[in-house]
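Let me begin by presenting the structure, written as structure tokens, before commenting on it.
Since the model is a prediction, treat every value here as computed from it, not as a measurement.
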Amino acid sequence: MGVATYQEEEKMKMAVKMLACKENLQQMCHLRMVGEPLPSENLIAELIGLCRSLLFPGFFGGADVNGYNIEYTIGIQCERLKWLLENQILAGSLVGKTNVSTEDEKSIKEEAKHIAIDFIQRLPELRRVLHTDVEAIYKGDPAASSTAEVIYCYPCIKAIINYRIAHELLLAGVPVIPRMITESAHSETGIDIHPGATIGEYFAIDHGTGVVIGETAIIGRNVKLYQGVTLGARSFPTDENDNLIKGIPRHPIIGDNVVIYSNATILGRVTIGSGAVVGGNIWVTTDVAPGEKLVQAKSKQHTKIDKDE
């Protein structure tokens with residue numbers, strides 16, 4: 001390595017000074033308080049792994065789980081999960097906050113502890129719901145040889161597990177962390193489910209790559225989506241200052257027993273009635289009646305076909 005010249009050193013000093021100045025940082029840097037935990041991708045990954053192993057023992061996590069040690073193993077895992085949840089819930093709750101007092105932090109820690117315990121108590125019910133998802137995927141795919149194959153091999157199961165974990169935490173009022181959990185599955189599987197979406201039991205995604213489900217989407221029971229399906233927003237209303245209005249219902253409502261085929265795009269707060277079928281490569285911005293089949297005609301126009309045809 002050559003010796004840096006005086007001019008090079010001055011340029012480096014100037015770059016460092018500019019990078020560190022408050023005007024340059026604006027709001028795109030989180031300057032942590034002393035001792036403040038930060039949301040951690042590594043800890044979130046461990047949290048997800050523990051949840052998966054608790055929900056499907058023997059399929060995820062350690063391979064040495066058996067009938068003799070399962071209660072002990074689950075006990076150890078739950079203790080570790082409790083710590084991870086408390087740590088990351090606290091970290092997510094402190095993001096964006098400034099001048100947090102000792103009393104405020106103590107209160108947030110106590111709330112994080114309660115949320116962690118409540119979440120762990122919800123795991124048996126989450127497992128029951130996830131078992132319905134596995135069953136729906138297995139029964140709906142002739143290529144699936146067993147439920148074990150579905151759990152081991154199908155990316156949709158990993159995405160749905162992450163979604164159901166994240167949704168529970170979001171309902172408990174946890175900020176930031178639920179989105180990190182679903183985005184982890186997005187990176188892992190190519191399936192993008194917002195934790196705010198509401199999804200019923202017996203949910204199946206076939207193949208899955210490119211599926212997008214928006215924040216305010218509502219999906220009923222026994223719904224099946226194929227790859228590339230988008231349940232998105234049609235428009236983004238703004239307030240008097242031209243800022244996006246957030247949190248309003250803007251994604252589709254999907255009834256029970258609906259099938260949506262590959263690359264269908266359904267936008268806006270429209271309703272797809274129970275028992276409807278939406279064909280592939282269709283752009284839908286209006287309601288579809290219960291029992292209707294919406295397919296693409298040869299003229300590339302939408303055609304509605306009676307259920308009995």
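Under the 3.5 Å distance criterion, the side-chain polar atoms of D239 are matched with a main-chain donor or acceptor of N243. Remark: side-chain polar atoms of N69 are paired, donor with acceptor, to backbone N or O of N66 under 3.5 angstrom. Side chain of E292 to main chain of V288: no donor-acceptor pair is present (N/O by atom type, distance under 3.5 Å, no hydrogens or angles). Using a distance-only test at 3.5 Å, with no hydrogens or angles considered, no donor-acceptor pair links the side chain of S107 to the main chain of E103. S53 places a side-chain N or O within donor-acceptor distance of the main-chain N or O of G49, the cut-off being under 3.5 Å. A distance-only check finds no donor-acceptor pair linking the side chain of Q88 to the backbone of I177 [under 3.5 Å]. Here the side chain of N162 pairs a donor or acceptor atom with the backbone of I181 at under 3.5 angstrom.
At least one side-chain heavy atom of Q121 sits under 4.5 Å from a side-chain heavy atom of D118. Side-chain atoms of I76 and R80, non-hydrogen and from C-beta on, never get closer than 4.5 Å to each other. A heavy-atom distance below 4.5 Å is found between the side chains of T198 and H167. No side-chain heavy atom of I213 sits less than 4.5 Å from a side-chain heavy atom of H194. With a 4.5 Å cut-off on side-chain heavy atoms, L90 and E86 do not count as touching.
Note that the OG atom of S274 and the CD1 atom of I254 stand 10.0 Å from one another [nearest 0.5 Å]. To the nearest 0.5 angstrom, D206 atom CG is 7.5 Å from C156 atom SG. Taking CD1 from I48 and OG1 from T182, the interatomic distance works out to 9.0 Å, rounded to the nearest 0.5 Å. Separating the NZ atom in K109 from the CG atom in N87 is a distance of 10.0 Å, to the nearest 0.5 Å. Note that the CD1 atom of I89 and the CD1 atom of I115 stand 5.0 Å from one another [nearest 0.5 Å]. Atom CG of L267 and atom OG1 of T286 lie 11.0 Å apart (nearest 0.5 Å).
Contact detail for A276 and A289: the closest heavy-atom pair is CB-O, 3.9 Å. Scanning all heavy atoms of the two residues, the minimum distance from G140 to P142 falls at O-CD, 3.8 Å. In this structure, V65 and P57 approach most closely via the heavy-atom pair CG1-CB, 4.4 Å. Pairing each heavy atom of Y261 with each of V229, the nearest pair is O-CG2, 3.3 Å. Looking at every heavy atom in both residues, A185 comes nearest to A159 through CB-CA, 3.9 Å. Scanning both residues, P39 and M180, for their nearest heavy atoms gives CB-SD, 3.7 Å.
For an aromatic pair to be called close, the ring centres must be under 6.0 Å apart, and H186 with Y163 fails this.
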Check against side-chain contact (heavy atoms from CB on, under 4.5 Å), I117 and K82: CA-CA 7 Å; I117 290 291; K82 179 176 175 289; 3.5 Å; yes
Stepwise side-chain contact (heavy atoms from CB on, under 4.5 Å) test for E135 and Y138: CA-CA 5 Å; E135 184 180 341; Y138 170 65; 5.8 Å; no
Worked check of side-chain contact (heavy atoms from CB on, under 4.5 Å) between I260 and L231: CA-CA 10 Å; I260 304 174; L231 305 181; 4.2 Å; yes
Worked verdict on I74 versus E71 for side-chain contact (heavy atoms from CB on, under 4.5 Å): CA-CA 5 Å; I74 286 177; E71 188 170 347; 5.9 Å; no
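Of the residues listed (K158, R127, R164), the one engaging D133 in a salt bridge (charged side-chain N to carboxylate O under 4.0 Å, His left out) is R164, and it is the only one.
Cluster membership for F56 and L54, using ILVMFWY side-chain heavy atoms within less than 4.5 angstrom, is shared. The cluster map of Ile, Leu, Val, Met, Phe, Trp and Tyr, joined by side-chain heavy atoms under 4.5 Å apart, puts I205 and V150 in the same cluster. At a threshold of 4.5 Å between side-chain heavy atoms, the hydrophobic network of Ile, Leu, Val, Met, Phe, Trp and Tyr places V223 and V277 in two separate groups. Using a 4.5 Å cut-off between side-chain heavy atoms of Ile, Leu, Val, Met, Phe, Trp and Tyr, with links allowed through other members, L170 and L47 fall into different hydrophobic clusters. When hydrophobic clusters are built by joining Ile, Leu, Val, Met, Phe, Trp and Tyr residues whose side-chain heavy atoms come closer than 4.5 Å, directly or via intermediates, V284 is grouped together with I219.
Annotation: side chain to side chain donor-acceptor pair (under 3.5 Å) contacts involving residues 208-234, sequence neighbours excluded, comprise E201-R221, E215-R250, T216-H251, N222-N257, K224-Y226.
Partners of F119 according to the side-chain contact (heavy atoms from CB on, under 4.5 Å) rule, which considers only residues two or more places apart in sequence or in another chain, are C51, L81, L85, L123, L126, I165, E168, L169.
Within a 6.0 Å radius of CD in E41, no more than 12 heavy atoms belonging to other residues, nucleotides or ligands are found. Within 6.0 Å of CD in E149 there are more than 12 heavy atoms belonging to other residues, nucleotides or ligands.
By the 4.0 Å N-to-carboxylate-O rule, K13 lies too far from E9 to be salt-bridged with it. At a threshold of 4.0 Å, the pair E125-R128 counts as salt-bridged, since one of the basic side-chain nitrogens sits closer than that to a carboxylate oxygen.
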